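Report on the structure given below.
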Amino acid sequence: MADLLGRRRVFLMGVALFGVASLACGLAQEPWQLVIGRFVQGTGSAMAGPAAMSMITLLYPRTEERTRALGIWGGIAALGGTSGLVISGVLTDLVSWRWIFLINLPVVAVALALLPGLVPESRAPGRRSLDVPGAVLVTGAAVSLVYGLLRAGETGWSDPIAIGAVALSAALTVAFLVTESRAAAPLVPRSFLASRTRAVANGATLLFSMAMYAMSFLLMIQVQTALGYSPLLAGIAYLPYGGGILAGMWSSSRISLRIGTRWALLLAFLVNIAGLLLLSGVAAGDSYAAHVLPGMLILSVGNGLGLPVMAVAAVDGTTEEDAGLGSALFTSVQQIGGAVGVAALAVMGYSGGLTAGAVCVALGAVLIVVLLPSRTSGPQQPAGHGAGGRSTPVSS
């Protein structure tokens, strides 16, 4: 949608939808109202996130400046995520859970007011159509898989509903592949994944996200149940995680530009494996400073080192024609990997889940070493681009 209708327009539509849904969640009186509100929030976020990333990708087309820009973007996102844990703990403990939704409203208002005057509109040249059947099929496959895994975690694999959901996911995946092979304008053109850098980056991101989302979920529960922390204290305990991510991201662009994408990602993944294995040993009665903090800091630095490099590799070579597609695919892979990771790894318990997460990251490291080129190719400049590498709509 961002490529076809305009990246700025879709971003603003997504932010507005997210704001309306946040208000609905904050005012919800019944659980079903909250569930629907969260669904709409997810829709708005799914529109805004990839559109934002594609705007940044086009505003900074050269490899070096794109790497730094996406590093800053990722650092701000990480800072927001970490501070969100603290703020939500404060609001839940001291005010009301409703304010974890209502606090979004002023942020939405500022974005809607300022962005139109700061970022120019851009869209893909030519006229294409949205691949609605492909989108419906791939969404159904992902939802069915996650539901099946969650159901199996609760009732076991003898449950026919869990087996049926996973089987439905497989059938929808096959239907998606068949539909895409025949579509005139497929959701993800085969030519887009012909880039080995983009294909491997998204595959590694899937495995990485499975581990990290599961880790965040399990560690937050572990510090509250095994260590007895309140929601507020658990949020504060995560503050060093944000600092470590920022430190890693500050180093990431410098390291990747010096040693190349492949070796920068391998280094980041190895650091993440060490952090996951160290954190997997946290048990009841352990102290925060001696047992939680060291692994958290190592893992956060590894996150900071890897996230910008994966983002840059996932949009490697994209132009005004497909920047939205590259950003959306990367974001979707992150979300699907995270959902599957929480569903599949959380049922293994804290230690088992984090150890399995380390195995996922190790598989991603193997994928990177074997298949990823050592350096990205940089954005391709289509006809009509000037010497500075910016297209007319972006530089106006």
Side-chain angles (χ1 to χ4, degrees), residues 1-22 40-74 76-77 80 104-132 134-135 185-189 191-192 198 311-312 314-332 334 378-396:
M1 288 176 62
D3 282 340
L4 299 179
L5 305 179
R7 284 114 189 173
R8 187 181 68 183
R9 177 184 299 176
V10 171
F11 174 81
L12 293 173
M13 289 168 55
V15 169
L17 190 61
F18 183 84
V20 171
S22 295
V40 179
Q41 263 195 321
T43 303
S45 178
M47 293 171 66
M53 185 177 174
S54 64
M55 287 190 290
I56 293 171
T57 299
L58 290 174
L59 286 169
Y60 300 94
R62 295 179 180 177
T63 301
E64 183 174 347
E65 62 181 6
R66 180 179 288 186
T67 300
R68 290 175 177 168
L70 288 175
I72 294 171
W73 176 73
I76 292 172
N104 296 331
L105 299 181
V107 180
V108 168
V110 170
L112 293 176
L114 296 183
L115 190 81
L118 296 175
V119 180
E121 183 60 283
S122 65
R123 57 173 56 85
R127 296 182 62 85
R128 293 179 296 173
S129 59
L130 291 173
D131 179 19
V132 175
L187 196 66
V188 183
S191 59
F192 185 84
R198 292 195 291 253
V312 171
V315 296
D316 177 56
T318 56
T319 66
E320 186 156 327
E321 184 176 351
D322 56 9
L325 169 61
S327 303
L329 183 61
F330 176 71
T331 307
S332 298
Q334 282 185 311
Q380 305 295 322
Q381 303 301 337
H385 280 228
R390 299 178 190 271
S391 63
T392 301
V394 175
S395 59
S396 58

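In this text the structure is predicted, and so the values were computed from the model without any measurement.
- Expressed to the nearest 0.5 Å, how far CG of Leu5 lies from CE of Met13 amounts to 7.0 Å.
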Report all side-chain donor-acceptor pairs from residues 46-58 shorter than 3.5 Å, counting only partners two or more places apart or in another chain.
| unit_1 | atom_1 | unit_2 | atom_2 | d |
| --- | --- | --- | --- | --- |
| Ser54 | OG | Pro50 | O | 3.3 |
| Ser54 | OG | Ala51 | O | 2.8 |
| Thr57 | OG1 | Met53 | O | 2.8 |

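- Heavy-atom minimum distance, Val15 versus Ala111: CG1-CB, 4.2 Å.
- In this structure a side-chain-to-backbone donor-acceptor pair under 3.5 Å is present from Arg8 to Val119.
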Ser22 and Val108: side-chain contact (heavy atoms from CB on, under 4.5 Å), yes or no, with the steps?
CA-CA 10 Å; Ser22 295; Val108 168; 5.7 Å; no

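- Between atom OG1 of residue Thr43 and atom CZ of residue Phe18 there is a gap of 11.5 Å, rounded to the nearest 0.5 Å.
- Every residue meeting the side chain to side chain contact (heavy atoms under 4.5 Å, CB included) condition with Leu118, not counting sequence neighbours, appears here in chain and number order: Leu114.
- When all heavy atoms of Pro116 and Leu112 are compared, the pair lying nearest together is CD-O, 3.3 Å.
- Summarising the geometry of Ala314 relative to Phe330, their closest heavy-atom pair is CB-CD1, 3.4 Å, with the distance given to 0.1 Å.
- Proximity of a side-chain donor or acceptor of Asp3 to a complementary backbone N or O of Leu325 within less than 3.5 Å is detected.
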Under the side-chain contact (heavy atoms from CB on, under 4.5 Å) rule, what do Met1 and Arg9 come out as? Steps first, then yes or no, please.
CA-CA 10 Å; Met1 288 176 62; Arg9 177 184 299 176; over 6 Å; no

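- Under the side-chain hydrogen bond (donor to acceptor under 3.5 Å, both in side chains) criterion, Asp131 pairs with no residue, sequence neighbours left out.
- A distance-only check finds a donor-acceptor pair linking the side chain of Ser332 to the backbone of Ala328 [under 3.5 Å].
- Here the side chain of Arg198 pairs a donor or acceptor atom with the backbone of Asp316 at under 3.5 angstrom.
- Val40 has its side chain out of reach of Val20: every pair of non-hydrogen atoms, C-beta onward, lies at least 4.5 Å apart.
- When all heavy atoms of Tyr60 and Ala69 are compared, the pair lying nearest together is CD1-CB, 3.5 Å.
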